[in-house]
Amino acid sequence: MSRTRALVAAAALAALPLATAAPATSAPVVNKVVVIGIDGTLWSEVQAANAPNLGLLAAQGTLARTSIAPHTTMSCVSWATALTGVWDTKHGIKDNDSTCTPAPFAQYPTVFTQLERAKPSLSTASLGTWDKIGMIARTGSPAADKVSVTQVDPTGAGVCETTADSNATSQVVSAITDSGTDFTFTHLDQVDIVGHTLRGIWPQAYRDAIGRVDTLVGKITKAVDDRARAHADERWTILVTTDHGHKPEGGHGGQSAYETASFMIARGPDFAAGAQNNGFTLADVTPTVLDLLGAPADPNSDGRSVRLGGSGDPAAAVPNTPAIESGLTGSSSGSAQMLMVNNPLCLVASGSSGGSFGK
């Protein structure tokens, strides 16, 4: 039994949290959705890591382990798919640079724009780390109500990826706790950066990054569950997904099983606890959010709400991506942590790390 499964086995037997319980009130039910995007994360490594919060979400909800092949395994390409519901063959984004522009979102509007057009009263927020995510969320009319990029501080200087992830998480917690934002998307980046820089020589560093992000996921989950306890008329759903995987030596962009591996967790009142359905795909994120929040489906969408089973094959084989055990061992809390903080996990210049590390 993996470490993560062992940590959550007992908790999975308990009743689902109040966030997924039917409201004990006559007030109209209001759906709320949080989507957590964790860049460059392999589920096989989540299982090998100390990641109890992700494990518990999977145990309390439905897990999908899928491949995005032949989709391009780059971040802007994949997050554009998640945030529009169409694959790269339609939106035309091929990289993180020259084709990662606002232009495609005129024809294929984001989930934020679709929600705002259908139900202007809904509150929407993109609270992430990467400037390209901010660009996507700001496209269209109307755009997301609130867009924040934590990778760059107010002075224009870059910040450490660990700090950027923590700051984004704090903003998400506030959006849930203080505002009850109807739809919140967040993007956490450090796992991908460690995948590029240390996975090949120190596999445990990659797992330690997953563990740090798992702690942040736990904070978001707690905020959702606390909010649900205090507002019995709210039905909260959490979706967690990734944009691509990482080769054993680090890096992505190709079509190997490690690069095309993806996953989704759907935890909420519409999803069976402890189930697995590999028919949930990256393109299903936007249709699912629209469905949950009562907005019409986009006829151009390649995806399908996961409440309806998703757009993929539920019997698809799990990607063959065994956890990597070679290389240095032990915790990255010592010298490896310093390496990550100083170069290159901690950015030393303004702007995105995408060009440097091939997100």
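Quick note: residue numbers are just sequence positions, from 1.
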Visitor: Would you call Ile324 and Tyr258 a side-chain contact if the rule is heavy atoms closer than 4.5 Å?
Guide: yes

Visitor: Could you check whether Lys359 pairs with Asp189 (Lys NZ or Arg NE/NH1/NH2 to Asp/Glu carboxylate O, under 4.0 Å)?
Guide: yes

Visitor: Given the rule in the side chain to side chain contact (heavy atoms under 4.5 Å, CB included) test, do Ser311 and Asp302 qualify, once you have shown the distances and angles that lead to the verdict?
Guide: CA-CA 8 Å; Ser311 61; Asp302 294 323; over 6 Å; no

Visitor: Are there more than 12 heavy atoms of other residues, nucleotides or ligands under 6.0 Å from atom CG of Asn320?
Guide: no

Visitor: Distance from Glu325 atom CD to Gln204 atom CD, nearest 0.5 Å?
Guide: 8.5 Å

Visitor: Taking atom CH2 of Trp43 and atom CD1 of Ile38, what is their separation to the nearest 0.5 Å?
Guide: 8.5 Å

Visitor: Taking atom types as modelled, is there a side-chain donor on Thr73 or Thr260 under 3.5 Å from an acceptor on the other?
Guide: no

Visitor: Can you confirm whether Asp208 sits close enough to Arg212 that some side-chain heavy atom of one is under 4.5 Å from a side-chain heavy atom of the other?
Guide: yes

Visitor: I need the Leu216 CG to Gln190 CD distance, nearest 0.5 Å.
Guide: 6.5 Å

Visitor: Distance-only, no hydrogens or angles: does the Tyr206 side chain make a donor-acceptor pair with backbone N or O of Leu42 under 3.5 Å?
Guide: yes

Visitor: Kindly compute the distance separating CD (Glu259) from OG1 (Thr321), expressed to the nearest 0.5 Å.
Guide: 12.0 Å

Visitor: Would you compute the distance between atom CG of Leu122 and atom CZ of Arg117 and round it to the nearest 0.5 angstrom?
Guide: 14.5 Å

Visitor: Look at atom NZ of Lys219 and say whether more than 12 heavy atoms of other residues, nucleotides or ligands are closer to it than 6.0 Å.
Guide: no

Visitor: Just checking, is any N or O donor in the side chain of Thr66 or Thr281 under 3.5 Å from an acceptor N or O on the other one?
Guide: no

Visitor: Side-chain atoms of residues 288-297: list all donor-acceptor pairs with protein atoms under 3.5 Å, sequence neighbours left out, distances to 0.1 Å.
Guide:
from	atom 1	to	atom 2	distance (Å)
Thr288	OG1	Asp284	O	2.6
Thr288	OG1	Val306	N	2.9
Asp291	OD1	Arg307	NH2	2.9
Asp291	OD2	Ser305	OG	2.7
Asp291	OD2	Arg307	NE	3.0

Visitor: Measure the shortest side-chain to side-chain distance between Thr221 and Val217 over non-hydrogen atoms and say whether it is less than 4.5 angstrom.
Guide: yes

Visitor: With no hydrogens and no angle check, is any side-chain donor or acceptor of Glu249 less than 3.5 Å from a backbone partner on Ile201?
Guide: no

Visitor: Between the side chains of Ser75 and Asp39, does any donor sit under 3.5 Å from an acceptor?
Guide: yes

Visitor: Looking only at atom types and distance, does a side-chain atom of Thr286 sit under 3.5 Å from a main-chain N or O of Ala82, one as donor and one as acceptor?
Guide: yes

Visitor: Scan Arg199, His187, His246 and name whichever one has a side-chain hydrogen bond (donor to acceptor under 3.5 Å, both in side chains) with Asp192.
Guide: His246

Visitor: To check you understand the geometry: which heavy-atom pair defines the closest contact between Ala175 and Thr184, and what is its length?
Guide: CB-OG1, 4.3 Å

Visitor: One thing to verify: whether Asp225 and Lys222 come together as a salt bridge, which I'm taking to mean a side-chain N less than 4.0 angstrom from a carboxylate O.
Guide: no

Visitor: I'd like to know if the side chain of Lys32 reaches the main chain of Glu234, judged simply by a donor and an acceptor atom lying under 3.5 Å from each other, with no hydrogens or angles considered.
Guide: no

Visitor: For Trp236 and Pro269, which heavy atoms make the closest approach, and how far apart are they?
Guide: O-CD, 3.7 Å

Visitor: Atom CG in Leu188, atom CG in Asp214: separation rounded to 0.5 Å?
Guide: 11.0 Å

Visitor: Are Leu63 and Leu282 co-members of a hydrophobic cluster defined by side-chain heavy atoms under 4.5 Å apart?
Guide: no

Visitor: Does any donor atom in the side chain of Asn167 or Gln171 lie under 3.5 Å from an acceptor atom in the other side chain?
Guide: no

Visitor: Taking the six-membered ring of Trp79, is the NZ or CZ of Lys132 close enough (under 6.0 Å from the centre) and on axis enough (within 45°)?
Guide: no

Visitor: Is there a donor-acceptor contact under 3.5 Å linking the side chains of Glu116 and Thr124?
Guide: yes

Visitor: Heavy atoms, side chains only, cut-off 4.5 Å: are Val46 and Thr41 in contact?
Guide: yes

Visitor: Is any side-chain heavy atom of Val285 less than 4.5 Å from a side-chain heavy atom of Phe185?
Guide: no

Visitor: Using side chain to side chain contact (heavy atoms under 4.5 Å, CB included), reason through Phe105 and Ile93 one step at a time and then give a plain yes or no.
Guide: CA-CA 10 Å; Phe105 305 103; Ile93 297 174; 3.7 Å; yes

Visitor: Under a single-linkage definition using a 4.5 Å side-chain heavy-atom cutoff for Ile, Leu, Val, Met, Phe, Trp and Tyr, are Leu127 and Ile176 assigned to the same hydrophobic cluster?
Guide: yes

Visitor: What disulfide (SG to SG under 2.5 Å) pairs are there with at least one residue in residues 88-127, not counting sequence neighbours?
Guide: Cys76-Cys100

Visitor: Is there a path from Trp202 to Val194 through hydrophobic residues (I, L, V, M, F, W, Y) whose side chains come within less than 4.5 Å of each other?
Guide: yes

Visitor: Please examine the side chains of His91 and Val77, heavy atoms only from C-beta on, and report whether any two atoms are closer than 4.5 Å.
Guide: yes

Visitor: Do the side chains of Pro52 and Leu56 get nearer than 4.5 Å, heavy atoms only?
Guide: no

Visitor: Would you say Leu54 and Val172 are hydrophobically clustered, going by side-chain heavy atoms of ILVMFWY under 4.5 Å?
Guide: yes

Visitor: Is any side-chain heavy atom of Leu83 less than 4.5 Å from a side-chain heavy atom of Phe112?
Guide: yes

Visitor: For residues Asn278 and Arg65, is any side-chain donor paired with an opposing acceptor at under 3.5 Å?
Guide: no

